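Please read these numbers as outputs of a predicted model, since none were measured by experiment. Each residue takes its place number in the sequence, starting with 1.
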Amino acid sequence: MNLSGQSVVPFAKFYQIKPEEILIAHDELDMDPGVIRLKTGGGHGGHNGLRDIVPHIGANFHRLRIGIGHPGAKEKVSGHVLGRAPSSEQTLMDDAIHHALSKTKLLVNGDIQQAMNQINAYKP
């Protein structure tokens with residue numbers, strides 16, 4: 001995950017995919033489990049996978065941020081991110097992902113704002 005640019009960049013170049021046509025789904029520590037947000041652009045926010053992508057293709061791609069919650073202490077972050085979520089939290093995250101997937105047609109058709117409105121309005 002920390003070297004996501006090594007797969008995203010060659011794939012995008014080979015298929016001639018513009019950054020604004022890319023959607024990266026990633027975990028988000030700063031959001032509670034089950035909260036999802038679709039956004040375009042921005043920095044890496046400390047996310048190592050995004051940190052590896054942004055220098056290669058820029059920041060103008062879409063991101064589906066999937067909340068996983070913060071463990072409370074910085075030294076617990078790695079174990080939290082790499083570990084298994086409790087089943088109650090996993091269910092919240094799965095439901096949020098299914099909701100986002102149901103809006104895929106809007107994204108593919110280029111109706112980003114409508115997709116953003118519907119995805120960001122989701123309540124776990």
Side-chain angles (χ1 to χ4, degrees):
M1 279 313 292
N2 291 349
L3 302 176
S4 297
Q6 291 183 9
S7 58
V8 171
V9 173
F11 186 85
K13 284 183 181 178
F14 182 82
Y15 288 104
Q16 299 177 354
I17 302 170
K18 300 173 195 159
E20 58 271 14
E21 297 172 329
I22 295 174
L23 172 66
I24 303 291
H26 65 88
D27 56 358
E28 181 63 59
L29 282 167
D30 295 330
M31 295 179 353
D32 290 334
V35 174
I36 53 173
R37 295 289 180 263
L38 178 64
K39 70 178 262 184
T40 302
H44 57 71
H47 191 283
N48 290 329
L50 295 179
R51 187 183 313 234
D52 194 56
I53 295 170
V54 170
H56 300 288
I57 66 169
N60 193 31
F61 55 89
H62 307 291
R63 301 125 190 266
L64 178 63
R65 302 166 61 214
I66 304 164
I68 63 168
H70 197 287
K74 187 176 180 178
E75 59 274 1
K76 294 181 180 179
V77 167
S78 182
H80 179 70
V81 169
L82 299 175
R84 234 180 232 285
S87 62
S88 60
E89 292 180 6
Q90 187 64 55
T91 298
L92 291 171
M93 291 182 279
D94 290 345
D95 291 347
I97 291 167
H98 288 293
H99 174 75
L101 288 172
S102 75
K103 307 307 173 195
T104 303
K105 188 172 183 179
L106 292 169
L107 292 168
V108 171
N109 289 337
D111 196 350
I112 304 302
Q113 191 59 52
Q114 185 66 18
M116 200 174 292
N117 292 344
Q118 291 184 26
I119 288 171
N120 294 350
Y122 177 78
K123 303 284 187 236

What's the spacing between Glu20 CD and Ile57 CD1 if we round to 0.5 Å? 9.5 Å

Can you find a side-chain donor-acceptor pair between Asp32 and His70 that sits under 3.5 Å? no

Ignoring hydrogens, what is the shortest heavy-atom contact between Met93 and Ala85? Give both atom names and the distance. CE-CB, 3.4 Å

Compare all side-chain heavy atoms of Leu29 with those of Ile68 and state whether any distance is below 4.5 angstrom. yes

Rounded to the nearest 0.5 Å, what separates atom NE2 in His44 from atom NE2 in His26? 12.0 Å

Test of understanding: clusters of I, L, V, M, F, W, Y form through side-chain heavy atoms closer than 4.5 Å, transitively. Do Leu23 and Tyr15 belong to the same one? no

Considering all heavy atoms, the nearest Ala12-Ile22 contact: CB-CD1, 3.9 Å

Between CD of Glu75 and OG of Ser78, what distance do you get to the nearest 0.5 Å? 11.5 Å

Would you compute the distance between atom NE2 of His99 and atom NZ of Lys123 and round it to the nearest 0.5 angstrom? 10.5 Å

Contact check, side chains of Pro71 and Val77, non-hydrogen atoms, under 4.5 Å: yes

Can Ile17 be reached from Ile53 by stepping across I, L, V, M, F, W or Y side chains whose heavy atoms are under 4.5 Å apart? yes

Would a hydrophobic clustering, with Ile, Leu, Val, Met, Phe, Trp and Tyr connected at side-chain separations under 4.5 Å, put Ile119 with Ile24? no

Say whether Leu38 and Phe61 are linked into one hydrophobic cluster, either directly or through other cluster members, by side-chain heavy-atom distances under 4.5 angstrom. no

Enter the distance from Leu92:CG to Ile36:CD1 here, rounded to the nearest 0.5 Å. 11.5 Å

Which heavy atom of Pro55 sits nearest to which heavy atom of Leu50, and what is that distance? CD-O, 4.5 Å

Would you check if the side chain of Arg65 reaches a backbone N or O of Asp27 as a donor-acceptor pair within less than 3.5 Å? no

Leu107/His62 under side-chain contact (heavy atoms from CB on, under 4.5 Å): CA gap, chis, key distance, verdict: CA-CA 10 Å; Leu107 292 168; His62 307 291; 5.8 Å; no

Criterion side-chain contact (heavy atoms from CB on, under 4.5 Å) on Ile66 and Arg37, from CA distance to verdict: CA-CA 7 Å; Ile66 304 164; Arg37 295 289 180 263; over 6 Å; no

So how far is it from Ile112 CD1 to Lys39 NZ, rounded to the nearest 0.5 Å? 14.5 Å

Between the main-chain N or O of Asp111 and the side-chain N or O of Gln114, is there a donor-acceptor pair closer than 3.5 Å? no

Does Leu101 belong to the same Ile/Leu/Val/Met/Phe/Trp/Tyr cluster as Leu64, with side-chain heavy atoms less than 4.5 Å apart forming each link? yes

Take Val35 and Tyr122 through the side-chain contact (heavy atoms from CB on, under 4.5 Å) test and state the conclusion after the steps. CA-CA 7 Å; Val35 174; Tyr122 177 78; over 6 Å; no

Verify side-chain contact (heavy atoms from CB on, under 4.5 Å) between Leu106 and Gln118, making sure each step is shown before the conclusion. CA-CA 10 Å; Leu106 292 169; Gln118 291 184 26; 3.8 Å; yes

Has Asn48 got a side-chain atom pairing as donor or acceptor with Leu3's backbone, closer than 3.5 angstrom? no

Over 12 non-hydrogen atoms of neighbours within 6.0 angstrom of NZ in Lys76: no

Does Arg63 reach the main-chain N or O of Gly42 with its side chain, forming a donor-acceptor pair under 3.5 Å? yes

